[in-house]
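What follows is one structure encoded as C-alpha cells, with my remarks underneath.
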Amino acid sequence: MERLPPLHSPRIPQRRDASNVLHSLVLYPATFLLLLLLMPHSTTAFTVEVAPGTAECFVAVATEGDDFLGNFEVLTEGSYAPVEVTVEGPDGKQLWRAADKSEETFSFEAKANGDYTLCIGNGAKGRVDDGTTRLVGFSFRTDVFVDEDIASEESIRRLIELGNSLTKGLTNVMDHQSYMRQREDLHASTMESIGSRVLIWTVVEAVVLVGMAVWQISIISKFFEVRRAV
C-alpha cells in the first residue's frame with residue numbers, strides 16, 4: 001500500500017500558450033482573481049501497473065468536511081471485466097465502487113478524520129483473472145474550494161457554487177488529458193513495433209523470392225545441359 005504525496009501542494013502544469021492566457025486575464029483583474037481562487041490545488045494524476053490477480057492500494061489523509069475528488073481510466077486495451085476500483089473510509093466501510101468500466105469519476109465529502117484508501121484490482125477478490133497486466137491512470141485527492149460563507153449576496157453565492165462545480169470538471173479533464181497522452185505513447189510504441197516487424201518480414205520475403213528464383217534458374221540450366229549432353 002502506497003501513501004500519496006501531500007494532496008494540497010500546488011502544482012500548476014505549464015502550457016506553451018500560458019503567457020497569452022495571462023496577458024488576456026490581466027485585462028480583467030476581477031476575473032483573474034476569481035479564477036485563481038477557483039483553480040484546483042492539486043492536478044497530479046498517477047499511473048500504476050496492476051499485475052494479474054492483484055490489487056494496488058493508495059492512501060490519502062483527510063479531515064472531516066474535506067471534499068474528495070477522483071477518477072480512473074484503464075489505459076491498456078482489451079476487456080475491463082477484471083478491473084474493480086473501490087474507496088474505503090477510515091472505518092473500513094466501502095464508500096464507492098466501480099467494476100466492469102474503462103473509466104469513471106467520483107466525489108464525496110469526508111465524514112471523519114483519517115486515512116481514505118483507494119484500491120485498484122485486476123482480477124482480485126474473486127473477479128475474472130485473464131492473466132493480463134493492466135496500466136491504470138488515476139487521481140485521488142482532496143480539494144479546498146472557495147468558502148461560500150464569504151459571500152453576502154445570493155448572486156455571489158451562486159457564482160461560487162458554479163465555480164466549484166466547474167473546478168471539479170476542469171480537474172477531471174486535466175487528468176484525462178494526461179491519460180490520453182500516455183495512451184498515445186503506448187499506441188505509438190505499438191505502431192513502431194508493428195512497422196519494424198513488417199519491414200523485417202518484407203526483407204525476408206524478398207530474400208526468399210530471390211533465392212527461389214536463383215534456384216529455379218539453376219535447376220532449369222542443369223536440365224538443358226543434361227539434355228544437350230544426351
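Here the closest non-hydrogen pair linking H176 and T105 is NE2-CG2, 4.2 Å. The two residues S107 and L69 have their closest heavy-atom pair at CB-CD1, 4.1 Å. The shortest heavy-atom contact between P90 and A112 is CG-O, 4.4 Å. Residues A45 and R141 approach most closely at N-NH2, 4.4 Å, considering heavy atoms.
Under the 3.5 Å distance criterion, with hydrogens and angles disregarded, no donor-acceptor pair is assigned to the side chains of N164 and T167. Using modelled atom types, one finds a donor on one side chain and an acceptor on the other under 3.5 Å when comparing S139 with D175.
The aromatic rings of Y116 and F68 lie tilted to each other, with the angle between the two planes from 30° to 60°.
Annotation: the span from E88 atom CD to C119 atom SG amounts to 6.0 Å, rounded to 0.5 Å. Going from atom CG of N113 over to atom CD of E64 covers 6.0 Å, rounded to the nearest 0.5 Å. A distance of 12.0 Å separates CG of D115 from CG of D91, quoted to the nearest 0.5 Å. Rounding to the nearest 0.5 Å gives a distance of 9.5 Å between CE of M180 and CD of Q177.
Residues in residues 120-133 take part in these side chain to side chain donor-acceptor pair (under 3.5 Å) pairs, two or more places apart or across chains: D100-R127, N122-R134, D130-R134. Pairs engaging residues 86-106 under the ring pair (Phe, Tyr, Trp, His ring centres under 6.0 Å) rule: W96-F106 [sequence neighbours left out].
Judged purely by atom type and a 3.5 angstrom limit, T54 uses its side chain to pair as donor or acceptor with the backbone of A51. Judged purely by atom type and a 3.5 angstrom limit, S189 has no side-chain atom pairing as donor or acceptor with the backbone of D185.
Qualifying side chain to side chain contact (heavy atoms under 4.5 Å, CB included) partners for L166, counting only residues two or more places apart in sequence or in other chains: L162. Contacts of E103 classified as salt bridge (charged side-chain N to carboxylate O under 4.0 Å, His left out), with partners at least two apart in sequence or in another chain: none.
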Just list the side-chain donor-acceptor pairs under 3.5 Å for residues 196-216, sequence neighbours left out, or say none.
residue: S196; atom: OG; partner: E192; partner atom: O; Å: 3.0
residue: T202; atom: OG1; partner: V198; partner atom: O; Å: 2.7

Side-chain donor-acceptor pairs under 3.5 Å in residues 75-87, sequence neighbours left out?
residue: T76; atom: OG1; partner: L135; partner atom: N; Å: 2.7
residue: E77; atom: OE2; partner: H187; partner atom: NE2; Å: 3.3
residue: S79; atom: OG; partner: A81; partner atom: N; Å: 3.2
residue: E84; atom: OE2; partner: R97; partner atom: NE; Å: 2.6
residue: E84; atom: OE2; partner: R97; partner atom: NH2; Å: 3.1

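The closest side-chain heavy-atom distance from F72 to Y179 is not below 4.5 Å. Side-chain contact between Q182 and T47 is present, with at least one heavy-atom pair separated by less than 4.5 Å. Side-chain contact between E104 and E73 is absent, with no heavy-atom pair separated by less than 4.5 Å.
If you look at F58 and F138, their ring centroids are closer than 6.0 Å.
Between R181 and E184 there is no salt bridge, since none of the side-chain N atoms of the basic residue sits less than 4.0 Å from a carboxylate O of the acidic one.
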